[in-house]
Visitor: 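Dropping a structure here in structure tokens format, bear with me for questions.
Values below: all heavy atoms of this structure, side chains included; hydrogens, waters and symmetry mates excluded. Below, chain A is the first sequence line, B the second, and so on; all start at residue 1.
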2 protein chains.
Amino acid sequence: MELDGIYAFAVQLGKDAGKLLIDAAQSRFNGNGESTQSFAEKDSAVDIVTKTDEDVEAFIKTSIAQKYPDHVFIGEETYSKGSSRAYLIPPTAPTWCVDPLDGTVNYTHLFPMFCVSIAFIVGGRPAIGVIYAPFLRQLFTSCRGRGAWLNETQRLPLVRNPVPPMPANAPGGCVFSCEWGKDRRDVPDGNLARKVDSFLNMAAEVGGRGGKGGMVHGVRSLGSATMDLAYTAMGAFDIWWEGGCWEWDVAAGIAILQEAGGLITTANPPRDPLTGDIPEVGLGSRLYLAIRPAGASDTESGREGQERTVREVWRRVRELDYTRPGA
Amino acid sequence: MELDGIYAFAVQLGKDAGKLLIDAAQSRFNGNGESTQSFAEKDSAVDIVTKTDEDVEAFIKTSIAQKYPDHVFIGEETYSKGSSRAYLIPPTAPTWCVDPLDGTVNYTHLFPMFCVSIAFIVGGRPAIGVIYAPFLRQLFTSCRGRGAWLNETQRLPLVRNPVPPMPANAPGGCVFSCEWGKDRRDVPDGNLARKVDSFLNMAAEVGGRGGKGGMVHGVRSLGSATMDLAYTAMGAFDIWWEGGCWEWDVAAGIAILQEAGGLITTANPPRDPLTGDIPEVGLGSRLYLAIRPAGASDTESGREGQERTVREVWRRVRELDYTRPGA
């Protein structure tokens with residue numbers, strides 16, 4: 001398969017789709033279009049979908065079908081309209097996994113953290129990733145073996161001569177990225193309670209929270225899993241921990257993160273966080289823990305520092321319940 | 001006083017200072033400078049100050065002293081090195097209040113949400129605001145009576161034909177911006193616990209949390225009070241609630257927010273949130289609640305919608321304790 005040709009096609013597709021997004025947004029604040037965009041409610045008040053969302057997915061789907069008629073296409077909008085919530089990415093067939101607009105809430109509010117996310121998957125694993133945030137003019141791209149890039153010129157991670165090791169006291173010194181998500185049910189020990197419990201452990205002073213205090217450098221929530229992963233690949237976020245998003249939210253980000261040298265595994269800790277296996281990420285698992293690209297220190301390899309950080313996060317976070325409905 | 005001349009000077013100063021910030025950052029990822037910038041610890045592991053921070057403040061301070069030798073200058077770095085924590089902005093003298101680098105943690109990690117913040121204060125109130133985020137190439141400016149602007153061409157708020165009213169069910173439908181901050185002490189009912197309690201009330205489903213559930217559209221944390229305020233002025237965030245930052249973090253943002261039509265008051269609720277006075281913001285109060293510019297609906301004016309939202313936030317948040325040390 002000609003990965004280079006597919007990569008060039010994907011990058012151009014991302015640029016074109018991003019332009020559609022920003023043009024529609026600008027029509028709102030230039031007064032040429034609707035002043036407040038109409039949107040339909042989907043699952044809940046926080047799960048809104050715009051007409052733009054659907055239009056951009058249709059554009060991407062059609063473009064791919066014309067160029068690569070034999071490839072499988074999985075898109076957020078198409079999927080959401082179906083009745084199944086099964087994991088549909090095939091184990092072998094070349095597949096595109098697309099979110100036409102990640103950060104829909106941000107988009108409707110014109111907060112710049114929204115993007116188009118396009119992944120090309122080979123053998124069940126993301127091989128090409130394209131994330132374009134047009135309001136920020138930030139384009140993140142990668143192709144297996146060709147490196148990961150910001151705006152096609154800056155190689156990721158940004159700081160790379162050398163790539164900094166993980167802090168010796170991680171998660172201390174780390175920027176921790178997380179999301180409040182859409183599951184806001186106020187039930188005892190539900191996902192919301194467990195998430196906030198985990199955020200608090202990561203944030204609290206060392207020695208606090210019964211020894212779980214992680215005193216991270218900062219806690220960030222952008223409202224876009226895709227942008228979270230892009231900034232983790234860039235090295236701006238050290239740790240991203242999240243449950244509840246879907247394969248189209250993360251597929252391109254995983255491609256870019258892994259190509260940049262980052263590690264991604266599951267959000268849920270094993271029985272013994274300090275010795276349990278660190279599994280390969282499940283693309284459709286809805287549970288993700290990503291660690292930025294890391295260099296070697298005097299005492300450990302970059303991979304060892306990442307794995308140490310995974311275990312220190314697992315020690316502080318609660319198990320989340322995001323099984324696939326009906327799966 | 002020639003406010004127009006001072007405005008033009010402040011905007012150019014912001015651009016020049018922002019260029020110093022991004023040049024220093026780029027020297028890190030272009031391999032021309034230190035690969036990991038050295039920094040000194042100040043109050044805690046999360047309160048780091050870079051040499052760039054100090055250099056940029058010196059540049060701004062010197063530029064102002066040359067152009068306006070009679071003006072008072074209050075800068076974050078200069079202030080922090082002094083022993084007093086008193087509020088130093090004089091009631092009448094023309095004063096500059098400057099944060100050379102807001103979002104220091106973001107800057108050291110190269111997460112783009114960092115900026116320079118320059119306010120010019122007349123009669124104790126911010127009259128000119130300049131916020132420049134050079135990695136994002138976003139410049140926010142305002143001058144009393146001349147409007148608030150993004151990149152000198154897009155008037156704020158961005159959506160303005162008409163400006164959308166506050167949602168009828170606010171804080172439902174709102175993007176809520178908040179920060180975890182630097183006070184991470186794990187003490188019962190301390191600031192960290194009260195903040196997270198408040199965040200949870202804002203986020204939880206309607207009917208949850210003993211009737212306090214606000215089901216906001218999204219919760220965002222950027223790690224920069226200045227950028228939070230800029231995006232509230234833009235209309236991207238509906239509500240910003242925060243305690244613990246200082247006058248140089250908010251002075252320029254207050255100028256821009258108010259000129260755009262936003263409301264800002266105190267974070268701490270009065271005894272009766274539904275009837276208590278909505279006081280003018282105290283610039284040095286360290287307690288802030290900002291509401292985005294809002295238009296009229298069929299049933300209320302924009303101001304009425306903002307005040308209703310203030311009360312709905314107050315009903316859900318806890319009182320924070322951020323008195324000025326020694327004041």
Visitor: What residues of residues 228-241 of chain B sit under 4.5 Å from chain A when you count only heavy atoms?
Guide: B/Tyr231, B/Met234, B/Gly235, B/Ala236, B/Phe237, B/Asp238

Visitor: Can you find a pair of side-chain heavy atoms, one from A/His217 and one from B/Asn106, that are under 4.5 Å apart?
Guide: no

Visitor: With sequence neighbours excluded, tell me which residues meet ring pair (Phe, Tyr, Trp, His ring centres under 6.0 Å) with B/Phe114.
Guide: B/Tyr107

Visitor: Working to the nearest 0.5 angstrom, can you tell me the gap between B/Arg220 CZ and A/His109 NE2?
Guide: 8.5 Å

Visitor: Would you mind telling me which of A/Arg292, A/Arg185, A/Met113, A/Gln138 has the largest number of heavy-atom pairs within less than 4.5 Å of chain B?
Guide: A/Arg185

Visitor: Quick one: does B/Asp186's side chain have a donor or acceptor within less than 3.5 Å of a partner on A/Arg209's backbone?
Guide: yes

Visitor: Non-hydrogen atoms of chain A under 4.5 Å away: do they reach the side chain of B/Arg155, the backbone, both or neither?
Guide: neither

Visitor: Can you tell which of A/Val175, A/Val187, A/Leu136, A/Asn169 has the highest number of heavy-atom pairs within less than 4.5 Å of chain B?
Guide: A/Val175

Visitor: How long is the straight-line distance from CD of A/Glu205 back to CG of B/Asp183, given to the nearest 0.5 Å?
Guide: 8.5 Å

Visitor: Indicate yes or no: at least one non-hydrogen side-chain atom of A/Trp180 is less than 4.5 angstrom from one of B/Phe199.
Guide: yes

Visitor: Any donor-acceptor pair under 3.5 Å linking the side chain of A/Arg184 with the backbone of B/Ala203?
Guide: yes

Visitor: Heavy atoms, side chains only, cut-off 4.5 Å: are A/Phe111 and B/Leu222 in contact?
Guide: yes

Visitor: Is any side-chain heavy atom of A/Glu179 closer than 4.5 Å to a side-chain heavy atom of B/Val219?
Guide: no

